[in-house]
Structures are given as C-alpha cells and as structure tokens.
Amino acid sequence: MTSFEDSVLLKNLNSEQKRAVLTTEGPLLILAGAGSGKTRVITRRVAWLIRQLGVHPARILAITFTNKAANEMKERIERLIGLESRGSWIGTFHSMMLRILRRYGSLLGYRSSFTIFDTTDQRRVMADVLKELKISERILSPREALAMISRYKNDDVSPEELESRSSGYYIDRQRVDIYRAYQKSLFEKNALDFDDILTQTLRLFREHPHVLENCQQQFTYILVDEYQDTNVVQYELIRLLSAKSRNLCVVGDDDQSIYGFRGATIRNILDFEDDFPDCTVIRLEQNYRSTKTILAAANQVIQENRSRKKKTLWTAHGEGEPILMYRAADHIDEARFIAREVQRRFQLADDHEEIEIAVLYRMNALSRNLEFALRELGIEYIIYGGTRFYDRAEIKDVTAYLSLIQSPEDEIAFRRVINQPRRGIGAVTLERLAEFAGQRGLTLFEAARRAGEDPDLARAAGRLTLFVKMIDTLRDALLSEELSFAEFVRMVEVDSGLIAYYQELKARGDVEAGSRLENLEELISDAIEFEARLDTESLDDIWELSHDDELREELITDRSLKGVLRLFLERAVLYTDQDKERETPKVSLMTVHSAKGLEFSTVFIMGAEEGIFPSMQSFQEPDGIEEERRLAYVAVTRAKRELIISSAVSRLLFGHTQYNPPSRFSDDISEDLVEKRGVYGGYLDSDGSDGMSSSEHGEFFRDMVNSVLKKRHAVEAQEDERVYKAVTSRQMDPLPKKESSGLDVSELKPGDTVRHVTFGIGEIQKITETGDDAILVIDFDGRIKRFMASQSALSIDE
DNA sequence: CGGGACAACTTTTTT
DNA sequence: AGTTGTCCCG
C-alpha cells in the first residue's frame, strides 16, 4: 500500500538501488562502487523504514565514517520525511559507542564523567609510563609505544590476552608491562583514549550480557556505511548488536578500503557472505559521477589488484576531457603549475557556475609548496587535516581551562594551564605542589588552594591562590547562569589572560599571534553556533547528544550552562576538520584519505611518484601496494569532469632531495586517455606543447634551473645527475645509498657492533629507515647516540 | 622565572 | 626544510 508520498522515496532510483531500499529484513551486503548513489540509497532506506514500515527512529542505528557524513545523512533524511526522523541513532562508531558507555560505564568501574584523552594527553601518560618502567625514550618513543597499543586495541587484544600469547622473552614481557601500565594509568585518571571507546564498549557487552540484550532489543535495524574500513573490534560490536534482529545492512566498496594502517581489515567485507550465509548481495555498478575517460582510468588502475570482488563500473556520461599529466622539473615547478591551472579555471568560469576544485596528495607535508604558490597568485584555499582546529595549542588551552572549571580534579588540564599564560608558576613550584598534594592526599587544584599551609610553597603561595581564585570565579559565573554559553567562553578567554597574552605577542610583532587570536575568536563563534543548535532543536536532539540521564534531566529542566559546557567539551574531543562544512569558491587541499566520500568537478593529484604515491613504506608491507592502489582509485574517482595528475623529477622533502620516477599508477592509465606535458621526454626537455608562450618558457626554464641547481654544489649536482640517470633507466632502487660513510645499512641489524671515530666501539640498538637514509641508535658503553647512517663516521667493527 | 638559542624530530594516511 | 622541545643564561 504505497501512497503517492511514499513512492517519492523510490523515485529516481535504478532497479538495484530500489532493491537495496526495499530489502529491509535479514543481512544485506550492498557493494556500492564509487559514485553509484550510495548516500541516496542509504537515506531513502532509513526514510523508508520509518515512514513506510513504521519503525520507531530510536530502533535504527546507522553508523557513518565521519560526523559530517552523519550530519549530512540526518539532514537528507529529514528533508525526505521531516521531523519524523528525529531520534534515530546516526553517527560514527565512536560517538555512538560513547553514548552507550556514558550510560553504562559505571559497570566497568568508571566514574560517571570520565574524560576522553586525545593524542597529546595520551603521549603525556605514555611518557610517564615509560619513565616509570625505566624504558628510555631513545629505545621506544611514547609515539611508537602508543602506536603499538593502538594496534592491539584495534585487533581486540587486551593486555591479558597479549600476556597469554607472550613468548616470555624480555621484549614481549616488556610490551605487556607497557600496555598494562598504560591502561592502569588511564583508569586511575578516569580516562579513556580513542580506541578504548570501542574496546571498552565491547568489554561491556561481553561482561554484562543484560546490557547487550538491552541494546539488541533497542536496535532492530542496523546500517553500517564504509564497511570496508571497519576493524576487528567494530566488526565484533556490529555482530553482537545485530545477533538478535539479524537486520544488518552493510554498505561498502572493497576497492575503497584505505584504512589498513588503522587496523581496518578488508576481510570484513570480503568475508561478509561467509559470515552471513543467508545474506542478500546487491551491486551498485552504475556511476553517476564521472566521465567515461575518468572512469576508464579508475578501472585500469584498480584492475591490477588481486584480492577484490570483481565488479565493473559503467557510466552513461560522455567521454569528457582527457586526463592531463604534468611532469614538473621540481616541486616548486609542480606547485606553480597547479596554482596557474587553478587560477585559469577560476578565471574562465562564469559567475554562476559552481567550480569545485581539489588538490589531493598522499601526505600532508606536500601541501606546503602549493600553499606558497597559491598565495603568490592570490588564490584562496582551505586546507583539511593537518592540525585540527581543536588540536591547536590556543584552543586546547581554552578547553583545558573549561575542563578545569568543570572538574577541578582534572590534573592534565591543571598542568596545562597553570602557567599558560605565564604567571610565575614554574616547574619547581609544580613539583613541590605535587609533593604537598601527595602528602595530604589532595588534588593539585586543592593543594594550590591551600598552598599557604606548606612552608615550601610560601613564595609561590600568593600566585597559586590567585590562580585558584580565578578558576573559582569562573566556576561561579558558570553556576550563576547569568551568561550565555558564548559569553562564558569569552569570559574564560579574557580572565585567563590568554587574550591579553596573545595581543601582547602580536604587538611585539609575533607573526603567529594574529592567527591565534582569530582562532580564539572562532571558538566563540563555534560556541554561539553550538548554543543556538541546543536552543532551536527539539528535546529529541538533546537526547541524541547525551545519554547521561542526569545531564539530560538538567538540560531539559533548566538548560544549565554546566550541562551545555559538558556537551561542548565532549563534542570538542570527537570533532575533526573533516566535519567542517566545505565552502565552494576556494580550492580545497587535502590528503586522499580525507577526500574519501567527496567529489569535485576538477581534481588534481600531486606527487604521483614512486616513493610518495605509492608511499615508501608500502613497499615493505605485505599488502601495501594493493592498499596504495585502492587509494589511487579513490583519488581518481573523486573527479567528475577533469583530472590532472602531476609529478616532479626532483623533489625536496624533509630536507632531502629525491628523484622519483612517475608513479606506477599513472603508468597504468592507457595513453589514449592521457595528454602529457612537462619534462616527460627527458631531463630538461619539453616538447613545447604545454600551452606556454616563449617568454613563459624562458621563465619556466630559469625557475627550474635555478631551483634545481642553485642550492647545490657542483659536485652534488653531478651526483644528482648520476642518480637521476640510474633512476630513469628504471633500476628500481630509486635511492642509492651515499657511499661516503662506507656503511651499508642493509647489512646491519640491532645487536651488531660498530666503530665510531670519536666514540669508539658501540652496539646498535635500533635502525629506523628514513627514506633515503637510516637513523642508527647506538649504545657506546652506556652513552646512547643517534646518527644518520649516511653522515656518520661509523664503520663495521670486524 | 622568562626568553632566547640550539638541538632534535618529522617521514603516511585518522576516528 | 620547518617546526617543536629543551637547556641554559640573564
């Protein structure tokens, strides 16, 4: 009984898409190729469940990859069926599981308002752990240790499990110790890290079956987007949650699985049919996004992969423009080329035409040159990724103040802001304060309040109590409810002295201070917006924001500032630049990873070189190249009308000049789809067909020769020439080792003995490959030294 | 205690 | 190369 209004939900869908919307019961795998109208299908499906089948929104759990994708989905569903859709659980794995944890976390021993630690917090905790265990940072950096633990967590390996499978060797035991101590430390601080949000929820389900049962009963329809990027823990969560209803719909594309490094396993999607033998499989193979040319190129790139589900995308669109490949002389030339091309497109487009241009790269470090080139031409751009807004120092300062006001026992926040801006409370004072706090069993904040009672703190007591007073005053302001939330944030920024501090820096000519002030201003705008959302949206949506019953009660009855603050802080942790709305008239600069799920009329892919894209380290990993290839596939399929791929003969990166041959992925694209420009013919050779006038050519060559030769000595240039020839003649080691040191890193391993001119005999502790070089950590009889292999005066000790 | 100078680190991708 | 962190001196 399909009414007219409801049939709208099936309008403009092809037959497979329709089937995907209508197959609501039982396990369903939707293999959705790039640009195949996936989001449309998902939103229609949810709308269909609610409107047509009368499923209560709260019974629907839809998991997306980013908060932005979630918001977009909510909006689109609301556009379809209006307010009826309110109350469904749509969000990322992290935000959805966090909601569950907030509700039941006490069962795991967490106090009600546990905090989520971000990378910086984690690093601090880990640094302490390593110090405690007397492990030198030289041997294992906090960063590496955290990466290791994250790996375990993504693979659903607890400290206990790790121990049980440990070999008993020292190195294994040490890993267990680190993992244990880290978890213990987090727990004592009543904190979880990002991965814990998922692993602890899983633990909750396993140890408290009634909780799982509650959730199973609530969520009778589960939908997971980007299923190819789920990891073992996420798979397990989904499996448990859907075990009862079995109405599990997963949507994904194995060809776009690009998060292997984060523990995502492509097996989840490849094995879905084995895991759920009675499942329905639907393939969406018609592409509505790109031209035939772009799609053909994408297919050529991906078909080289072996482990994939066979599918062939097709489009009804025309051939479109050929793919432009540009081989630049160097990284600067490449950047200028892109900037010029971007400028030309902006100039040519008429006012009403919507131009969406993106430049994609494999790693953030590549954006820098491009930024300069764009600025030279006065082109506006937005960068995604890199340092996130909420990760910026000044923003983190403000949020630390806010955290401290909210929970005075938050030691990390206390330590962050106690002397930021400077108020004469240094390391010595802090150490004494910690000691005093330890003796009395006080929090640092309370200890500061009572600093006068400790003779050791006498000199700093005045400054400490002043700080305490400031925080107390701010808390009073919070509780008095006389301010709007944004006003409160502003008050914190001013009273803390941060604003004055940066204003002074700016006055003194600090170049960064200005943008920091702008960021502080932006945080206030953010607060205004956040507050407005709370004011205008229904109670259902507040329900959506938090499942802490007490807090919800607070918000419903008096909409307290305290409650708003807590929601705000919670969101700040999970918020990333990915979630920001994209503004159109500018060029977007982002990594290929960030571009997932987006589309642009014109796409540039820069740095298409061996060693960059595919990345250096992917050569080592077992399925590394396959993942890189999928990444290339994602990059190519972002383009609707036009694709430009560039590479550079020489590239200065991380202080070393590299000479990389063009990426194998660009070689996979057949000649008939491509138009080549730049120095493909050979060194310093151009066929002149690049559309530049001869004077531009003069400039072009001068720039190129300057940048290639200027900074280097003649001897080096000779060496470069030799290297370049070796590389372009396709001997596949693009990075011959320098011979000066007489040290062949490939023959070395930890434990080997080496001789240094000044330090004498030492033992190699660790070797870290760094592209064209390696870092050696060597123990000279207790003195730990680090060397760059190519530069060091080391020899193998016979 | 604060600011400046130097050293060390980055080198994939991120919820 | 560029940025961040640490050490030392005023």
Side-chain angles (χ1 to χ4, degrees), chain A residues 63-70 91-98 116 118-120 123 127 137-138 141 143 147 150 153-154 193-198 226 229-231 233-234 257-264 331 360-366 368-369 372 384-388 391 393 419 421-430 459-460 463 505 508 510 512 573-579 590-596 607 611-621 624 627-628 630-631 634-635 651-658 711 768-775 785-788:
Chain A
I63 291 171
T64 59
F65 199 69
T66 61
N67 289 309
K68 181 173 163 242
T92 62
F93 264 107
H94 291 266
S95 55
M96 297 297 97
M97 297 306 125
L98 184 57
I116 309 296
D118 68 8
T119 328
T120 324
R123 224 168 263 184
E137 287 202 8
R138 299 261 164 183
S141 68
R143 212 186 121 92
S150 179
K153 288 184 177 175
N154 283 318
D193 66 18
F194 258 110
D195 299 319
D196 283 336
I197 296 175
L198 304 187
E226 307 285 10
D229 287 319
T230 52
N231 63 33
V233 174
Q234 291 165 333
S257 165
I258 54 175
Y259 282 92
F261 68 93
R262 203 166 84 187
H331 53 113
L360 311 184
Y361 34 78
R362 181 62 243 269
M363 51 186 169
N364 284 308
L366 293 186
R368 172 155 279 112
N369 299 308
F372 282 123
Y384 293 82
T387 354
R388 286 172 202 83
D391 274 354
N419 205 27
R422 305 267 139 88
R423 46 176 75 86
I425 302 168
V428 181
T429 306
L430 211 54
R459 291 176 65 188
R463 291 188 284 260
L505 282 184
R508 278 202 266 159
D510 186 302
E512 269 177 86
V573 184
L574 297 178
Y575 180 94
T576 71
D577 276 2
Q578 309 294 310
D579 304 329
M590 65 185 89
T591 64
V592 182
H593 281 88
S594 322
K596 184 165 101 155
I612 292 193
F613 195 177
S615 76
M616 188 67 75
Q617 36 276 86
S618 69
F619 298 149
Q620 260 96 17
E621 284 149 37
E627 178 145 325
E628 294 291 310
R630 292 193 292 268
L631 200 51
V634 169
R651 179 183 296 283
L652 181 59
L653 193 64
F654 306 124
H656 292 275
T657 305
Q658 315 182 343
K711 297 167 227 156
T768 315
E769 301 269 348
T770 61
D772 57 350
D773 210 331
I775 298 167
K785 297 275 170 194
R786 324 189 92 197
F787 300 95
M788 295 305 289

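Excluded from the calculations below are hydrogen atoms, water molecules and symmetry mates; all remaining heavy atoms, backbone and side chain alike, are included. Predicted, not measured: the structure shown is a model, and the values here were computed from it. Here is the naming used below: chain letters follow the sequence lines, and residue numbers restart at 1 for every chain.
- Residues meeting the ring pair (Phe, Tyr, Trp, His ring centres under 6.0 Å) test with A:Phe261, sequence neighbours left out: A:Tyr259, A:His593.
- Within the 4.0 Å cut-off from OP1 or OP2 of B:dG2, at least one side-chain nitrogen or oxygen of A:Asn419 is found.
- Of all heavy-atom pairs between A:Lys596 and A:Ile258, the closest is CD-CD1, 3.8 Å.
- Taking the nucleotide of DNA chain B with the nearest heavy atom to each of A:Ser618 and A:Asp195, the more 5' of the two is matched to A:Ser618.
- Taking every side-chain heavy atom of A:Met363 into account, B:dT13 is the closest of C:dA1, B:dT10, B:dT13.
- When each of A:Ile425 and A:Ala365 is assigned the nucleotide of DNA chain B with its nearest heavy atom, A:Ile425 is the one assigned upstream, toward the 5' end.
- Contacts of A:Glu628 classified as salt bridge (Lys or Arg N to Asp or Glu O under 4.0 Å), with partners at least two apart in sequence or in another chain: A:Arg362.
- Contact between the side-chain N/O atoms of A:Thr429 and the OP1/OP2 oxygens of B:dC1 is found at a separation under 4.0 Å.
- Distances were taken from every side-chain heavy atom of A:Arg368 (C-beta onward) to each of B:dT15, B:dT14, C:dG2; the shortest belongs to C:dG2.
- Taking 4.0 angstrom as the limit, A:Ser594 places none of its side-chain polar atoms (N or O) nearer than this to OP1 or OP2 of B:dT13.
- Close to B:dT13, at under 4.0 Å from its OP1 or OP2, lies no side-chain N or O of A:Ser615.
- Among the atoms of the strands shown, only primed sugar atoms or phosphate atoms (P, OP1, OP2) are found under 4.0 Å from some heavy atom of A:Phe65.
- Here A:Tyr259 does not pack flat against the base of B:dT13, since the 5.5 angstrom centre distance and 30 degree tilt limits are not both met.
- Under the 4.5 Å side-chain criterion, counting only non-hydrogen atoms from C-beta, A:Leu98 is in contact with A:Ile116.
- For A:Thr591, the side-chain atoms get nearest to B:dT14 when compared with the rest of B:dT15, B:dT14, B:dT10.
- Spacing between atom CE of A:Met616 and atom P of B:dT13 amounts to 14 Å, rounded to whole angstrom units.
- Within the 4.0 Å cut-off from OP1 or OP2 of B:dG2, not a single side-chain nitrogen or oxygen of A:Arg423 is found.
- Taking atom CZ of A:Arg463 as the reference point, atom C1' of B:dC1 lies 8 Å away to the nearest angstrom.
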